[in-house]
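Numbers restart at 1 for each chain; the letters A, B, ... are given by sequence-line order, proteins then strands.
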Number of protein chains: 2
Amino acid sequence: MSDLDIIDIEAIVRNEPKGGKRELRLWLRLLSTSNLIASQIRRNLRDKFDVTLPRFDLMAQLYREQDGLRLSELSKRMMVSNGNVTGLVERLVQEGLVLREVDPEDRRAFIVRLSKSGMTKFAAYAKENERFILALFQSIDPATIDALMGNLERLKKSARENAAG
Amino acid sequence: MSDLDIIDIEAIVRNEPKGGKRELRLWLRLLSTSNLIASQIRRNLRDKFDVTLPRFDLMAQLYREQDGLRLSELSKRMMVSNGNVTGLVERLVQEGLVLREVDPEDRRAFIVRLSKSGMTKFAAYAKENERFILALFQSIDPATIDALMGNLERLKKSARENAAG
DNA sequence: TTTATATATTTTAAGTTTGAAATAATTGAA
DNA sequence: TTCAATTATTTCAAACTTAAAATATATAAA
């Protein structure tokens, strides 16, 4: 057995890139891209409006549904836990940006929506945020954007369908 | 002024998809894809090994650099804050998975690396994790993976270059 | 040497996040 | 009606995360 056996010959034969399988590398790249952009967006929102990204995200959901949403629907759309949404809403209500009312149809449930002031403030947040994201992505051409949109959707679909593992 | 003016005609003329500009929608899709996959991976690691994703990620970095890394280098590679790494390492040292030694070259710095036991355990984590990710991505063909790899890299580059906003 | 500046890490406070257990209300079957 | 199962939310403990301030050491210029 020569020293060369230290190298994983089989991996080379299988035509696998250094650093693991293609799928693994794709996941790492997806994560690092998403983290990089998220942290830039977070910093910008913080610097310009002193608002955190989770609060912005929650308000974005409510801005889209001006009649309000149940907490459970909100947590589903934001893809975070119920307990998480409870806390976020609590702080936003405290600040007067969000209203929380009992659902007349179901006394277990609450419906939350943006207050007048939340509406106004979010509109400003969103405008600046959109400007910022356009600036971040300015070197990307439309075809690349479309390709990414389609392929990310495929990826999401695959992950959802094979969730059992 | 007719009722039709309620619709944002300009947006339609500018050929913008419903829900905002393409760039904005791309960011939302990137984020939700990444979140979905991250939460599936998190659950799997938790169920199988009772290990959290941040700990797994940290150990992955150290597994790749078996001679160890400085805390600052670790936080740079993980793209998280220094204080964050301090706490994670603390807990991993507590559990005997990671060793933390003063850098002989610089008394301000520490070098952390996997312990023997950390090495063994991580190897098992990584094997299962790879299997799981391959399963999640099983419906994705190689060409799509390559396209995503390239386009995500472009996106990251654009975001880095235009970080000023 | 002295001192200013930079670097490596820790500490702290506030906030975010999860998963599990608890509470409360609804629904549907017997 | 009654009761079991389901659903909506909250509470809780533990962990993660950030940004800013503090600490300690290193480096280099005067």
Side-chain angles (χ1 to χ4, degrees), chain A residues 31 34-59 61 68-95 97-98 100-112, chain B residues 31 34-36 38-59 68-95 97-98 100-112:
Chain A
L31 184 63
S34 167
N35 281 347
L36 173 68
I37 296 170
S39 76
Q40 291 172 326
I41 291 177
R42 181 187 304 117
R43 174 167 34 252
N44 188 54
L45 287 174
R46 186 188 178 79
D47 291 352
K48 301 268 171 57
F49 302 106
D50 197 37
V51 70
T52 66
L53 194 45
R55 287 176 199 200
F56 175 86
D57 288 342
L58 193 152
M59 291 177 79
Q61 295 293 339
L69 287 172
R70 284 196 180 172
L71 289 178
S72 47
E73 181 59 24
L74 199 45
S75 91
K76 198 175 301 171
R77 295 196 191 184
M78 294 179 69
M79 303 210 289
V80 301
S81 67
N82 282 337
N84 189 355
V85 169
T86 296
L88 282 170
V89 166
E90 202 170 81
R91 283 168 229 128
L92 287 168
V93 168
Q94 204 68 33
E95 295 178 33
L97 300 174
V98 162
R100 203 185 80 140
E101 298 153 347
V102 203
D103 184 343
E105 320 259 303
D106 186 337
R107 283 186 300 167
R108 290 170 303 180
F110 292 96
I111 294 188
V112 289
Chain B
L31 184 62
S34 168
N35 281 347
L36 173 68
S39 76
Q40 290 171 326
I41 291 177
R42 180 188 304 116
R43 174 165 35 253
N44 187 54
L45 287 174
R46 186 187 179 78
D47 291 351
K48 300 270 171 55
F49 301 107
D50 197 37
V51 70
T52 66
L53 194 45
R55 288 177 198 198
F56 175 87
D57 288 342
L58 193 152
M59 292 178 77
L69 287 172
R70 284 196 181 171
L71 288 179
S72 46
E73 180 59 26
L74 200 44
S75 92
K76 198 174 300 168
R77 294 197 191 184
M78 294 179 69
M79 302 209 291
V80 300
S81 67
N82 283 336
N84 190 354
V85 169
T86 296
L88 283 171
V89 165
E90 203 170 79
R91 283 166 228 130
L92 287 167
V93 167
Q94 204 68 34
E95 295 177 34
L97 299 174
V98 162
R100 203 186 80 140
E101 297 153 347
V102 203
D103 184 342
E105 319 259 304
D106 186 336
R107 282 186 302 168
R108 289 169 305 179
F110 291 96
I111 294 186
V112 290

Colleague: Between A:Phe110 and B:Asn82, which is nearer to the 5' end of DNA chain D once each is assigned its nearest nucleotide?
Modeller: A:Phe110
Colleague: Nearest whole angstrom, please: distance from the P of D:dC16 to the CG of B:Leu74.
Modeller: 14 Å
Colleague: Between C:dT9 atom P and B:Glu73 atom CD, what is the distance in whole Å?
Modeller: 10 Å
Colleague: What integer distance in Å separates B:Arg77:CZ from C:dA8:P?
Modeller: 14 Å
Colleague: In whole Å, I'd like the distance from the CG atom of A:Leu71 to the P atom of C:dA24.
Modeller: 17 Å
Colleague: Is any NZ, NE, NH1 or NH2 atom of the basic residue among A:Glu95 and A:Arg55 found under 4.0 Å from an Asp or Glu carboxylate oxygen of the other?
Modeller: yes
Colleague: How many angstroms lie between atom CG of B:Leu31 and atom CE of A:Met78, to the nearest 0.5 angstrom?
Modeller: 10.0 Å
Colleague: Base, sugar-phosphate, or nothing for B:Asp106, non-hydrogen atoms under 4.0 angstrom?
Modeller: sugar-phosphate
Colleague: Can you tell me the distance, in whole Å, between the CG atom of B:Asp57 and the P atom of D:dT17?
Modeller: 8 Å
Colleague: Could you tell me how far apart A:Glu90 (CD) and C:dG15 (P) are, to the nearest whole angstrom?
Modeller: 11 Å
Colleague: What is the distance from CD of A:Gln40 to C1' of D:dA19, rounded to the nearest Å?
Modeller: 17 Å
Colleague: Would you mind telling me which residue lines up with the more 5' stretch of DNA chain D, B:Leu88 or A:Ile111, judged by nearest nucleotide?
Modeller: A:Ile111
Colleague: Below 4.0 angstrom from OP1 or OP2 of D:dT17, is there any side-chain N or O of B:Ser81?
Modeller: no
Colleague: Given C:dT18, C:dT10, D:dT10, which nucleotide is nearest the side-chain atoms of A:Thr86?
Modeller: D:dT10
Colleague: Would you tell me if any nitrogen or oxygen in the side chain of A:Arg100 comes within less than 4.0 Å of OP1 or OP2 on D:dA8?
Modeller: no
Colleague: After noting the C-alpha distance and the side-chain angles of A:Leu71 and A:Asn82, does the key distance pass the side chain to side chain contact (heavy atoms under 4.5 Å, CB included) rule?
Modeller: CA-CA 7 Å; A:Leu71 289 178; A:Asn82 282 337; over 6 Å; no
Colleague: What contact category does A:Arg55 fall into here, base, sugar-phosphate, or nothing, at under 4.0 angstrom with non-hydrogen atoms?
Modeller: sugar-phosphate
Colleague: Would B:Val51 and B:Arg46 count as a side chain to side chain contact (heavy atoms under 4.5 Å, CB included) here? Give the steps.
Modeller: CA-CA 5 Å; B:Val51 70; B:Arg46 186 187 179 78; over 6 Å; no
Colleague: Has A:Arg107 got a side-chain N or O lying under 4.0 Å from the OP1 or OP2 atom of C:dT26?
Modeller: yes
Colleague: Do any side-chain nitrogens or oxygens of A:Asn84 fall under 4.0 Å of OP1 or OP2 in C:dT18?
Modeller: yes
Colleague: If you compare every side-chain N and O of B:Ser72 against the phosphate oxygens of C:dT7 (OP1, OP2), does one of them come in below 4.0 Å?
Modeller: no
Colleague: Between D:dT10 atom P and A:Arg70 atom CZ, what is the distance in whole Å?
Modeller: 13 Å
Colleague: Taking A:Ser75 for the side chain and A:Ser72 for the main chain, is one N or O donor matched with an acceptor at less than 3.5 Å?
Modeller: yes
Colleague: Is any side-chain N or O of B:Arg108 under 3.5 Å from a base N or O of C:dT7, one able to act as donor and the other as acceptor?
Modeller: yes
Colleague: Heavy atoms only, 4.0 Å cut-off, all strands: where does A:Leu53 land among base, sugar-phosphate and nothing?
Modeller: nothing
